[in-house]
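One structure is given below, encoded as structure tokens.
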Amino acid sequence: MDQVQQQFTEALAAHHIQVNEQQLQQFEDYYEELITWNEKMNLTGITERDQVYNKHFYDSVTLAFYTDLNRVQSLADIGSGAGFPGIPLKILFPHIKLRIIDSLNKRIKFLQSVVDRLGLVDVELIHGRAEEVARKDGYRDAHDLVTARAVAKLAVLNEFCLPFVKTGGTFAAMKGSDPAEEIQEAYRSLGLLRGKVQQVHHFQLPVEESDRHIILIQKEAATPVKYPRKPGTPLKEPLL
């Protein structure tokens with residue numbers, strides 16, 4: 001174990017999350033796949049190894065500090081991009097059934113390569129628009145936990161993500177800077193989509209101390225049939 005991995009494991013251990021040797025190797029293999037594929041396509045602007053471990057891997061796992069992932073059976077990661085936070089969470093909580101939905105097929109191909117190399121099971125990679133997938137049986141109102149990391153403003157994310165959450169489940173929006181204004185703007189969309197803000201957690205990443213926020217939203221009832229609206233509409237005409 002080198003210094004980067006040691007800092008990573010110690011930072012997680014401080015939050016009672018243990019990383020075994022197999023998982024540590026999976027993170028290293030993930031890093032190598034990310035860098036290799038990033039030369040062919042734009043997956044991330046962050047490529048220094050210590051930064052990937054901190055700003056991608058650790059940042060993804062912070063969701064487990066504020067939700068009990070041991071009790072989560074199904075997780076949907078919407079607009080996952082290079083697999084964050086879904087893949088790091090799957091590595092550390094392998095019992096979870098993970099679904100990743102992304103609109104770019106080349107990102108799905110990259111993620112398939114990661115899943116194959118890491119030997120992950122119970123991972124479904126879906127090429128499609130969230131607004132369309134959320135209308136399919138087995139996906140709608142079906143997941144214990146749904147997450148999105150730095151995808152769009154909360155008023156838009158609610159319409160992308162809440163339809164996937166089962167009643168009583170949680171949508172976790174992972175944000176950088178203070179989301180107080182976004183939460184105010186999202187008041188109407190939360191009401192229409194049957195969501196209620198439960199908690200907002202603020203913390204800083206290790207070393208560089210950049211701000212992070214996680215908004216936990218509980219789904220109180222099934223998604224009304226007219227949502228989500230057709231692809232593109234939530235971004236163009238947010239429910240403000």
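It should be emphasised that the depicted structure is a prediction, and the values quoted were computed from it without experimental measurement.
Applying the 6.0 Å contact sphere to CD of Glu181 captures no more than 12 heavy atoms from other residues, nucleotides or ligands. In the displayed structure, Lys40 atom NZ is contacted under 6.0 Å by more than 12 heavy atoms of other residues, nucleotides or ligands. Applying the 6.0 Å contact sphere to CD of Gln184 captures no more than 12 heavy atoms from other residues, nucleotides or ligands. The neighbour count for Asn20 CG, taken as heavy atoms of other residues, nucleotides or ligands under 6.0 Å away, is above 12.
Using a 4.0 Å cut-off between charged nitrogen and carboxylate oxygen, Glu28 and Arg49 count as a salt-bridge pair. A salt bridge does not link Lys153 to Glu182: none of the charged nitrogens lies less than 4.0 Å from a carboxylate oxygen.
Although no hydrogens or angles enter the test, the distance criterion places no donor-acceptor pair under 3.5 Å between the side chain of Lys219 and the main chain of Phe171. For the pair Gln7 (side chain) and Val4 (backbone), a donor-acceptor distance under 3.5 Å is absent. His95 contributes no side-chain N or O that, together with a main-chain N or O of Arg71, makes up a donor-acceptor pair within less than 3.5 Å. Of the possible polar contacts, none joining the Glu159 side chain to the Pro238 backbone as a donor-acceptor pair under 3.5 Å is found.
Here the closest non-hydrogen pair linking Val19 and Gln23 is CA-OE1, 3.5 Å. In terms of heavy atoms, Tyr58 sits closest to Pro206 at CE2-CD, 3.2 Å.
Side-chain contact of Asp141 with Thr167: a donor-acceptor pair under 3.5 Å is absent, judged by distance alone.
With sequence neighbours left out, the ring pair (Phe, Tyr, Trp, His ring centres under 6.0 Å) criterion links Phe203 to Tyr66.
Under the ring-ring contact (aromatic ring centres under 6.0 Å, His included) criterion, the residue pairs touching residues 8-47 are Phe8-Phe27, Phe8-Tyr53, His15-Phe65, Phe27-Phe57, Tyr30-Phe57, Tyr30-Phe84, Trp37-Phe110, with sequence neighbours excluded.
Ile126 is not connected to Leu120 by any chain of hydrophobic side-chain contacts under 4.5 Å among Ile, Leu, Val, Met, Phe, Trp and Tyr, and they are in different clusters.
In this structure, Gln204 CD and Glu208 CD are separated by 9.5 Å, a value rounded to the nearest 0.5 Å.
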